[in-house]
Amino acid sequence: MGKASAKKPKTAASPAEIAKPAARAAKPESHLAMVRRARRINRELAEVYPYAHPELDFRNPFELLVATVLSAQTTDLRVNQTTPALFAAYPTPEDMAAAAPEHLEEIIRPTGFFRAKAKSLLGLSQALRDNFGGEVPGRIEDLVTLPGVGRKTANVVLGNAFGVPGITVDTHFGRLVRRFKWTEQDDPEKVEAEICAIFPKSEWTMLSHRVVFHGRRICHARKPACGACPIAPLCPAYGEGETDPEKARKLLKYEKGGQPGQRLAPPPDYPGLPAPPLGARTEP
(Lines give C-alpha, C1' and ligand atoms only; values in the text may rest on other atoms or scores of the structure.)
Protein backbone atom coordinates (compact mmCIF):
# COMPACT_ATOMS: atom_id res chain seq x y z
CA MET A 1 0.00 0.00 0.00
CA GLY A 2 1.33 3.43 -0.88
CA LYS A 3 1.89 6.08 1.77
CA ALA A 4 0.58 9.62 1.54
CA SER A 5 2.98 12.01 -0.15
CA ALA A 6 3.79 15.52 0.99
CA LYS A 7 4.26 16.65 -2.60
CA LYS A 8 1.77 18.92 -4.30
CA PRO A 9 -0.96 16.87 -6.03
CA LYS A 10 -0.58 16.46 -9.75
CA THR A 11 -2.82 18.60 -11.94
CA ALA A 12 -3.78 18.37 -15.59
CA ALA A 13 -1.07 19.39 -18.02
CA SER A 14 -1.04 22.73 -19.80
CA PRO A 15 -1.95 22.95 -23.52
CA ALA A 16 1.73 23.47 -24.36
CA GLU A 17 2.73 20.33 -22.48
CA ILE A 18 -0.08 18.31 -24.02
CA ALA A 19 1.12 19.21 -27.49
CA LYS A 20 4.30 17.17 -26.90
CA PRO A 21 2.81 13.70 -27.60
CA ALA A 22 1.77 14.72 -31.12
CA ALA A 23 5.27 15.96 -31.87
CA ARG A 24 6.81 12.80 -30.46
CA ALA A 25 4.46 10.58 -32.47
CA ALA A 26 5.94 11.93 -35.72
CA LYS A 27 9.22 10.10 -34.95
CA PRO A 28 9.31 6.38 -34.18
CA GLU A 29 10.11 5.69 -30.54
CA SER A 30 13.02 3.42 -29.76
CA HIS A 31 12.59 0.63 -27.22
CA LEU A 32 14.94 2.41 -24.83
CA ALA A 33 12.94 5.63 -25.11
CA MET A 34 9.73 3.70 -24.47
CA VAL A 35 11.19 2.10 -21.36
CA ARG A 36 12.30 5.48 -20.05
CA ARG A 37 8.88 6.97 -20.76
CA ALA A 38 7.14 3.99 -19.13
CA ARG A 39 9.20 4.33 -15.98
CA ARG A 40 8.53 8.06 -15.87
CA ILE A 41 4.78 7.39 -16.17
CA ASN A 42 5.08 4.98 -13.24
CA ARG A 43 6.84 7.65 -11.17
CA GLU A 44 4.21 10.24 -12.09
CA LEU A 45 1.37 7.85 -11.21
CA ALA A 46 3.06 7.16 -7.86
CA GLU A 47 2.70 10.87 -7.09
CA VAL A 48 -0.89 11.04 -8.34
CA TYR A 49 -1.95 7.90 -6.41
CA PRO A 50 0.33 7.60 -3.36
CA TYR A 51 -2.53 5.76 -1.66
CA ALA A 52 -3.05 3.15 -4.42
CA HIS A 53 -4.14 -0.19 -2.96
CA PRO A 54 -6.11 -3.34 -3.79
CA GLU A 55 -9.77 -2.32 -4.02
CA LEU A 56 -11.15 -5.53 -2.59
CA ASP A 57 -11.90 -5.70 1.14
CA PHE A 58 -10.06 -8.60 2.81
CA ARG A 59 -8.54 -9.57 6.14
CA ASN A 60 -6.53 -12.65 5.19
CA PRO A 61 -5.32 -14.55 2.10
CA PHE A 62 -8.44 -16.73 1.92
CA GLU A 63 -10.76 -13.71 1.86
CA LEU A 64 -8.67 -12.06 -0.87
CA LEU A 65 -8.64 -15.25 -2.92
CA VAL A 66 -12.42 -15.63 -2.70
CA ALA A 67 -13.07 -11.94 -3.37
CA THR A 68 -10.83 -11.99 -6.43
CA VAL A 69 -12.63 -15.00 -7.88
CA LEU A 70 -15.95 -13.21 -7.30
CA SER A 71 -14.68 -10.03 -9.00
CA ALA A 72 -14.82 -11.54 -12.49
CA GLN A 73 -17.39 -9.76 -14.68
CA THR A 74 -18.47 -7.37 -11.93
CA THR A 75 -17.15 -4.42 -9.92
CA ASP A 76 -15.00 -4.58 -6.82
CA LEU A 77 -17.70 -2.47 -5.17
CA ARG A 78 -20.33 -5.17 -5.74
CA VAL A 79 -17.96 -7.82 -4.41
CA ASN A 80 -17.18 -5.76 -1.31
CA GLN A 81 -20.89 -5.29 -0.67
CA THR A 82 -21.42 -9.07 -0.93
CA THR A 83 -18.50 -10.58 0.98
CA PRO A 84 -19.41 -9.47 4.54
CA ALA A 85 -22.38 -11.87 4.58
CA LEU A 86 -20.35 -14.53 2.76
CA PHE A 87 -17.47 -14.53 5.25
CA ALA A 88 -19.82 -14.32 8.22
CA ALA A 89 -21.37 -17.58 7.01
CA TYR A 90 -18.16 -19.26 5.79
CA PRO A 91 -15.06 -17.75 7.42
CA THR A 92 -12.63 -20.60 6.57
CA PRO A 93 -11.94 -22.93 3.63
CA GLU A 94 -13.28 -25.83 5.71
CA ASP A 95 -16.56 -23.97 6.30
CA MET A 96 -16.97 -23.02 2.65
CA ALA A 97 -16.04 -26.51 1.43
CA ALA A 98 -19.00 -27.90 3.41
CA ALA A 99 -21.49 -25.24 2.21
CA ALA A 100 -24.75 -26.20 0.54
CA PRO A 101 -24.37 -25.02 -3.07
CA GLU A 102 -27.83 -23.42 -3.09
CA HIS A 103 -27.07 -21.33 0.00
CA LEU A 104 -23.68 -20.25 -1.35
CA GLU A 105 -25.24 -19.30 -4.68
CA GLU A 106 -27.88 -17.18 -2.99
CA ILE A 107 -25.32 -15.18 -1.01
CA ILE A 108 -23.09 -14.44 -4.00
CA ARG A 109 -25.96 -13.89 -6.46
CA PRO A 110 -25.37 -10.07 -6.57
CA THR A 111 -21.93 -10.61 -8.15
CA GLY A 112 -23.39 -12.30 -11.25
CA PHE A 113 -22.55 -15.69 -12.80
CA PHE A 114 -23.24 -17.00 -9.32
CA ARG A 115 -23.62 -20.68 -10.22
CA ALA A 116 -20.22 -20.88 -11.94
CA LYS A 117 -18.61 -18.81 -9.17
CA ALA A 118 -20.16 -20.98 -6.45
CA LYS A 119 -18.75 -24.07 -8.19
CA SER A 120 -15.29 -22.46 -8.22
CA LEU A 121 -15.51 -21.42 -4.57
CA LEU A 122 -16.58 -24.90 -3.48
CA GLY A 123 -13.82 -26.47 -5.57
CA LEU A 124 -11.04 -24.20 -4.38
CA SER A 125 -12.16 -24.47 -0.75
CA GLN A 126 -12.19 -28.26 -0.95
CA ALA A 127 -8.73 -28.20 -2.59
CA LEU A 128 -7.38 -25.93 0.16
CA ARG A 129 -8.83 -28.24 2.80
CA ASP A 130 -7.66 -31.47 1.21
CA ASN A 131 -4.35 -30.49 -0.39
CA PHE A 132 -3.00 -27.50 1.53
CA GLY A 133 -4.06 -28.02 5.13
CA GLY A 134 -6.74 -25.33 4.94
CA GLU A 135 -4.16 -22.63 4.08
CA VAL A 136 -3.82 -20.56 0.92
CA PRO A 137 -0.47 -21.47 -0.66
CA GLY A 138 2.08 -18.74 -1.33
CA ARG A 139 3.38 -20.05 -4.66
CA ILE A 140 1.89 -19.30 -8.07
CA GLU A 141 2.47 -22.93 -9.13
CA ASP A 142 0.13 -24.07 -6.35
CA LEU A 143 -2.44 -21.30 -6.65
CA VAL A 144 -3.15 -21.92 -10.33
CA THR A 145 -4.06 -25.54 -9.54
CA LEU A 146 -7.11 -24.32 -7.61
CA PRO A 147 -10.47 -24.31 -9.43
CA GLY A 148 -11.30 -20.87 -10.85
CA VAL A 149 -7.81 -19.48 -10.20
CA GLY A 150 -5.65 -18.26 -13.08
CA ARG A 151 -2.48 -16.17 -13.18
CA LYS A 152 -4.36 -12.89 -12.69
CA THR A 153 -6.03 -14.07 -9.50
CA ALA A 154 -2.83 -15.74 -8.32
CA ASN A 155 -0.82 -12.53 -8.80
CA VAL A 156 -3.42 -10.50 -6.89
CA VAL A 157 -3.18 -12.88 -3.94
CA LEU A 158 0.60 -13.19 -4.02
CA GLY A 159 1.22 -9.47 -4.34
CA ASN A 160 -1.26 -8.29 -1.74
CA ALA A 161 -1.47 -11.12 0.79
CA PHE A 162 2.07 -12.50 0.63
CA GLY A 163 4.18 -9.58 -0.59
CA VAL A 164 5.39 -11.50 -3.67
CA PRO A 165 5.78 -9.06 -6.61
CA GLY A 166 3.53 -9.65 -9.61
CA ILE A 167 1.79 -7.89 -12.49
CA THR A 168 -2.00 -8.19 -12.47
CA VAL A 169 -3.35 -7.94 -16.01
CA ASP A 170 -7.03 -7.11 -15.69
CA THR A 171 -9.11 -5.26 -18.30
CA HIS A 172 -8.04 -1.82 -17.04
CA PHE A 173 -4.35 -2.70 -16.94
CA GLY A 174 -4.40 -4.24 -20.42
CA ARG A 175 -6.25 -1.26 -21.89
CA LEU A 176 -3.88 1.32 -20.44
CA VAL A 177 -0.58 -0.39 -21.23
CA ARG A 178 -1.69 -0.65 -24.85
CA ARG A 179 -2.69 3.02 -24.87
CA PHE A 180 0.68 3.87 -23.36
CA LYS A 181 2.34 1.82 -26.15
CA TRP A 182 4.19 -0.32 -23.63
CA THR A 183 2.97 -3.42 -25.48
CA GLU A 184 0.85 -4.38 -28.47
CA GLN A 185 -0.10 -7.77 -27.01
CA ASP A 186 -3.68 -8.76 -26.19
CA ASP A 187 -3.02 -12.08 -24.48
CA PRO A 188 -2.77 -11.42 -20.71
CA GLU A 189 0.22 -13.72 -20.19
CA LYS A 190 2.15 -12.05 -23.02
CA VAL A 191 1.21 -8.61 -21.64
CA GLU A 192 2.44 -9.70 -18.21
CA ALA A 193 5.76 -10.93 -19.62
CA GLU A 194 6.43 -7.77 -21.64
CA ILE A 195 5.56 -5.38 -18.81
CA CYS A 196 7.63 -7.37 -16.32
CA ALA A 197 10.62 -6.86 -18.63
CA ILE A 198 10.20 -3.06 -18.52
CA PHE A 199 10.08 -2.53 -14.76
CA PRO A 200 12.12 -3.71 -11.77
CA LYS A 201 10.49 -6.61 -9.94
CA SER A 202 10.09 -4.47 -6.82
CA GLU A 203 7.68 -2.20 -8.73
CA TRP A 204 5.38 -4.85 -10.19
CA THR A 205 2.64 -4.96 -7.55
CA MET A 206 2.37 -1.20 -7.00
CA LEU A 207 2.59 -0.52 -10.73
CA SER A 208 -0.46 -2.75 -11.16
CA HIS A 209 -2.40 -0.77 -8.54
CA ARG A 210 -1.42 2.61 -9.98
CA VAL A 211 -2.33 1.73 -13.55
CA VAL A 212 -5.67 0.22 -12.50
CA PHE A 213 -6.44 3.26 -10.32
CA HIS A 214 -5.73 5.54 -13.27
CA GLY A 215 -7.91 3.45 -15.57
CA ARG A 216 -10.85 3.53 -13.17
CA ARG A 217 -10.59 7.22 -12.32
CA ILE A 218 -9.35 9.06 -15.39
CA CYS A 219 -8.38 6.88 -18.38
CA HIS A 220 -11.79 5.26 -18.89
CA ALA A 221 -12.55 2.72 -21.60
CA ARG A 222 -15.18 4.65 -23.53
CA LYS A 223 -14.35 8.28 -22.81
CA PRO A 224 -10.98 8.99 -21.21
CA ALA A 225 -10.71 12.32 -19.39
CA CYS A 226 -7.65 13.40 -21.41
CA GLY A 227 -8.06 17.08 -20.54
CA ALA A 228 -7.82 16.30 -16.81
CA CYS A 229 -5.01 13.75 -17.09
CA PRO A 230 -1.77 14.56 -15.23
CA ILE A 231 0.31 12.31 -17.49
CA ALA A 232 -1.10 13.60 -20.80
CA PRO A 233 2.33 14.81 -22.04
CA LEU A 234 3.64 11.26 -21.76
CA CYS A 235 0.69 9.50 -23.39
CA PRO A 236 0.70 8.62 -27.12
CA ALA A 237 -3.10 8.15 -26.96
CA TYR A 238 -3.86 11.72 -25.84
CA GLY A 239 -6.93 12.94 -27.72
CA GLU A 240 -8.83 9.64 -27.77
CA GLY A 241 -11.04 11.14 -25.05
CA GLU A 242 -12.36 14.53 -23.94
CA THR A 243 -9.61 17.16 -24.17
CA ASP A 244 -11.52 20.17 -22.85
CA PRO A 245 -10.36 20.54 -19.21
CA GLU A 246 -13.75 21.55 -17.82
CA LYS A 247 -15.63 18.78 -19.61
CA ALA A 248 -12.92 16.27 -18.73
CA ARG A 249 -13.13 17.09 -15.01
CA LYS A 250 -16.79 16.11 -15.08
CA LEU A 251 -15.76 12.62 -16.20
CA LEU A 252 -13.54 11.93 -13.18
CA LYS A 253 -14.65 9.06 -10.93
CA TYR A 254 -14.28 7.94 -7.32
CA GLU A 255 -12.18 10.24 -5.13
CA LYS A 256 -11.04 12.26 -8.16
CA GLY A 257 -14.67 13.11 -8.78
CA GLY A 258 -15.55 13.58 -5.10
CA GLN A 259 -17.42 10.26 -4.99
CA PRO A 260 -17.14 7.13 -2.81
CA GLY A 261 -14.55 4.54 -3.70
CA GLN A 262 -15.09 0.80 -4.06
CA ARG A 263 -14.07 -0.36 -0.58
CA LEU A 264 -16.40 -0.39 2.40
CA ALA A 265 -13.28 -0.44 4.60
CA PRO A 266 -10.60 1.57 2.73
CA PRO A 267 -7.06 2.05 4.07
CA PRO A 268 -6.54 4.90 6.57
CA ASP A 269 -4.64 7.03 4.03
CA TYR A 270 -7.33 6.78 1.33
CA PRO A 271 -8.53 10.34 0.59
CA GLY A 272 -11.99 9.40 -0.69
CA LEU A 273 -15.24 8.25 0.88
CA PRO A 274 -15.98 4.64 1.92
CA ALA A 275 -18.43 2.79 -0.29
CA PRO A 276 -21.92 2.13 1.13
CA PRO A 277 -23.10 -1.34 2.19
CA LEU A 278 -25.27 -3.44 -0.11
CA GLY A 279 -28.74 -1.93 -0.43
CA ALA A 280 -27.75 1.49 0.92
CA ARG A 281 -28.04 3.03 -2.54
CA THR A 282 -28.12 1.93 -6.14
CA GLU A 283 -24.87 1.95 -8.10
CA PRO A 284 -24.46 4.70 -10.71
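- Between atom NZ of residue K250 and atom NZ of residue K223 there is a gap of 10.5 Å, rounded to the nearest 0.5 Å.
- Nearest heavy-atom pair, A232 versus C226, reported as atom, atom and distance to 0.1 Å: CB-O, 4.1 Å.
- Between P260 and L77 there is no side-chain heavy-atom pair separated by less than 4.5 Å.
- Side-chain atoms of E255 do not come within 3.5 Å of backbone N or O of G272 as any donor-acceptor pair.
- Inter-residue side-chain proximity for Y238 and T243 is flagged as met; some heavy-atom pair is nearer than 4.5 Å.
- Of the listed residues (R36, R37, K181), just one forms a salt bridge (Lys or Arg N to Asp or Glu O under 4.0 Å) with E29, and that residue is R37.
- Under the 3.5 Å distance criterion, the side-chain polar atoms of K117 are matched with a main-chain donor or acceptor of T111.
- Proximity of W182 to F199: side-chain heavy atoms (C-beta onward) are separated by under 4.5 Å at one or more points.
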(request) Walk me through it: do E55 and R216 pass the test salt bridge (charged side-chain N to carboxylate O under 4.0 Å, His left out)? (result) CA-CA 11 Å; E55 293 192 270; R216 286 175 170 167; 2.7 Å; yes
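- Considering every non-hydrogen atom in both S71 and D76, the closest pair reads CB-OD1, 3.8 Å.
- The OG atom of S120 lies 10.5 Å from the CG atom of L146; values are rounded to the nearest 0.5 Å.
- Formation of a donor-acceptor pair under 3.5 Å by the R39 side chain with backbone atoms of I198 is found in this model.
- Using modelled atom types, one side-chain atom of R263 and one backbone atom of P54 make a donor-acceptor pair closer than 3.5 Å.
- Salt-bridge check for E44 with R210: failed, with every basic side-chain N at 4.0 Å or more from each acidic carboxylate O.
- Atoms CD and OG1, from E94 and T92 in turn, are 4.5 Å apart once rounded to the nearest 0.5 Å.
- The two residues V149 and A154 make their nearest non-hydrogen contact at CG1-N, 4.1 Å.
- A distance of 5.0 Å separates CG in N42 from CD in E203, rounded to the nearest 0.5 Å.
- A donor-acceptor pair is defined here as one N or O able to donate and one able to accept, closer than 3.5 Å; no such pair exists between the side chain of E106 and the backbone of E102.
- The local environment of CD in E141 is crowded, with over 12 non-hydrogen atoms from other residues, nucleotides or ligands closer than 6.0 Å.
- Cluster annotation: L56 is not connected to M206 through the hydrophobic network of ILVMFWY side chains, with a link wherever side-chain heavy atoms come within less than 4.5 Å.
- At distances below 3.5 Å, at least one donor-acceptor pair connects side-chain atoms of Q81 with backbone N or O atoms of P276.
- To the nearest 0.5 Å, atoms CG (L45) and CZ (R40) are separated by 11.5 Å.
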(request) Start with the C-alpha gap between T145 and D142, add the side-chain angles, then the distance that decides, and say whether side chain to side chain donor-acceptor pair (under 3.5 Å) holds. (result) CA-CA 5 Å; T145 68; D142 295 326; 5.5 Å; no
(request) Please step through side-chain contact (heavy atoms from CB on, under 4.5 Å) for the pair H31 and V35, ending with a clear verdict. (result) CA-CA 6 Å; H31 179 74; V35 170; 3.6 Å; yes
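- Listed by chain and number, the residues in a ring pair (Phe, Tyr, Trp, His ring centres under 6.0 Å) with W204 amount to none (sequence neighbours excluded).
- Counting heavy atoms from C-beta outward, V48 and K256 have side chains that approach closer than 4.5 Å.
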(message) side-chain contact (heavy atoms from CB on, under 4.5 Å), that's the test. Do I140 and V144 meet it? Break it down for me.
(response) CA-CA 6 Å; I140 195 166; V144 296; 4.1 Å; yes
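- The closest donor-acceptor contact from the side chain of N80 to the backbone of Q262 lies under 3.5 Å.
- The aromatic rings of Y49 and Y51 sit perpendicular, their planes meeting at an angle over 60°, well past the 30° parallel limit.
- R178 places a side-chain N or O within donor-acceptor distance of the main-chain N or O of Q185, the cut-off being under 3.5 Å.
- One finds the OG atom of S125 at 10.5 Å from the OH atom of Y90 (value rounded to the nearest 0.5 Å).
- The shortest heavy-atom contact between C219 and P224 is CA-CB, 4.2 Å.
- When atom types are taken as modelled, the side chain of H214 and the backbone of V212 share no donor-acceptor pair closer than 3.5 angstrom.
- A distance-only check finds no donor-acceptor pair linking the side chain of T83 to the backbone of L86 [under 3.5 Å].
- Between V136 and F162 the shortest side-chain heavy-atom distance falls below 4.5 Å.
- R109 forms a cation-pi arrangement with F114, by the criterion of a distance under 6.0 Å to the ring centre and an angle within 45° of the ring axis.
- Applying the 6.0 Å contact sphere to CD of Q259 captures more than 12 heavy atoms from other residues, nucleotides or ligands.
- Side-chain atoms of N160 and H209 include a donor-acceptor pair closer than 3.5 Å.
- Judged by the 6.0 Å distance and 45° axis criteria, R217 is positioned over the aromatic ring of F213.
- I231 and V177 fall within the same hydrophobic cluster, where Ile, Leu, Val, Met, Phe, Trp and Tyr residues are linked whenever their side-chain heavy atoms come under 4.5 Å apart, directly or through other members.
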Which donor-acceptor pairs under 3.5 Å do side chains of residues 166-173 form with protein atoms, sequence neighbours excluded?
{"unit_1": "D170", "atom_1": "OD1", "unit_2": "H172", "atom_2": "N", "d": "3.1"}
{"unit_1": "D170", "atom_1": "OD1", "unit_2": "F173", "atom_2": "N", "d": "2.8"}
{"unit_1": "H172", "atom_1": "ND1", "unit_2": "R175", "atom_2": "NH2", "d": "3.3"}

(request) Kindly indicate, with the supporting measurements, whether the criterion side-chain contact (heavy atoms from CB on, under 4.5 Å) is fulfilled by V66 and M96. (result) CA-CA 10 Å; V66 168; M96 194 169 288; 4.2 Å; yes
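- Summarising the geometry of P110 relative to R78, their closest heavy-atom pair is O-CG, 3.2 Å, with the distance given to 0.1 Å.
- The heavy-atom pair separating I107 from A89 by the smallest distance is CD1-CB, 4.1 Å.
- Tested against T153 for a side-chain contact (heavy atoms from CB on, under 4.5 Å), the candidates L64, L124, L65 yield a single pass: L65.
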